[in-house]
> 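This is the structure I want to talk about, given as structure tokens.
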Amino acid sequence: MTKTDLVNAVAKSVEGITKKKAAEVVDAVFEGIHCSLKKEDKVQIVGFGTFEVQKRAARQGRNPQDPKKSSRFRRKKSQYSVLVRLLKRRSTVRNNSFHIF
């Protein structure tokens, strides 16, 4: 599903809302999630899942052309955890892989 598909679904499911207003709503939701993650807050949407920032520690690395070891930067990464109940409700297992419908 793309952002356009999501906007169309919102516009179709909410009576009296235009696609332009639906696009503003979707943008506002994404902006809210983005701002919260920038502040390293956890975003938990009941019945859907959780967005959070994970911190990665610095690691040792080396350039193959130079035998000296150097420290790589620590970094942060955003992570989404899907609600297990949602997976069980919307997925089937085929050949040990999940297919979400």
Side-chain angles (χ1 to χ4, degrees):
M1 176 178 264
T2 64
K3 184 177 171 185
T4 304
D5 295 336
L6 186 59
V7 168
N8 290 334
V10 169
K12 186 188 249 186
S13 66
V14 179
E15 190 175 323
I17 192 170
T18 64
K19 285 186 180 180
K20 184 176 180 180
K21 282 290 183 189
E24 290 175 9
V25 169
V26 170
D27 286 339
V29 169
F30 289 151
E31 183 64 27
I33 292 171
H34 176 76
C35 288
S36 293
L37 291 176
K38 259 181 120 171
K39 293 187 284 185
E40 297 183 21
D41 292 339
K42 186 178 189 179
V43 179
Q44 190 170 10
I45 302 172
V46 177
F48 185 70
T50 305
F51 296 90
E52 62 186 328
V53 175
Q54 288 186 341
K55 295 179 183 178
R56 298 283 174 110
R59 62 181 181 87
Q60 290 291 320
R62 83 176 179 85
N63 183 348
Q65 297 173 349
D66 185 10
K68 283 195 301 187
K69 288 187 178 183
S70 63
S71 177
R72 301 287 181 210
F73 296 104
R74 341 176 249 174
R75 58 190 180 125
K76 298 175 187 173
K77 133 184 175 171
S78 61
Q79 167 106 16
Y80 171 71
S81 301
V82 68
L83 189 67
V84 174
R85 193 171 29 147
L86 183 66
L87 275 179
K88 286 180 182 177
R89 186 173 32 167
R90 297 285 184 199
S91 64
T92 60
V93 178
R94 291 185 191 157
N95 299 330
N96 296 327
S97 63
F98 284 101
H99 298 280
I100 298 177
F101 297 105

> Please report, to 0.1 Å, the donor-acceptor pairs under 3.5 Å made by any side chain of residues 5-27, with sequence neighbours excluded.
residue: Asp5; atom: OD2; partner: Thr2; partner atom: N; Å: 3.2
residue: Asp5; atom: OD2; partner: Thr2; partner atom: OG1; Å: 3.2
residue: Asn8; atom: OD1; partner: Lys19; partner atom: NZ; Å: 3.4
residue: Asn8; atom: ND2; partner: Thr4; partner atom: O; Å: 3.3
residue: Ser13; atom: OG; partner: Ala9; partner atom: O; Å: 3.1
residue: Ser13; atom: OG; partner: Val10; partner atom: O; Å: 3.3
residue: Thr18; atom: OG1; partner: Lys21; partner atom: N; Å: 3.1
residue: Asp27; atom: OD1; partner: Lys3; partner atom: NZ; Å: 2.4

> Would you check, one step at a time, whether the test side chain to side chain contact (heavy atoms under 4.5 Å, CB included) holds for Arg56 with Lys76?
CA-CA 6 Å; Arg56 298 283 174 110; Lys76 298 175 187 173; over 6 Å; no

> Spell out, yes or no, whether Phe30 and Val53 are grouped together once hydrophobic residues are joined by side-chain heavy atoms under 4.5 Å, including indirect joins.
no

> Would you be so kind as to tabulate the donor-acceptor pairs closer than 3.5 Å made by side chains of residues 43-52, with sequence neighbours excluded?
none

> From Ser78 OG over to Lys38 NZ, what is the distance, rounded to the nearest 0.5 angstrom?
13.0 Å

> Treat each ILVMFWY residue as a node, draw an edge where side-chain heavy atoms are under 4.5 Å apart, and state whether Tyr80 and Met1 are in one component.
no

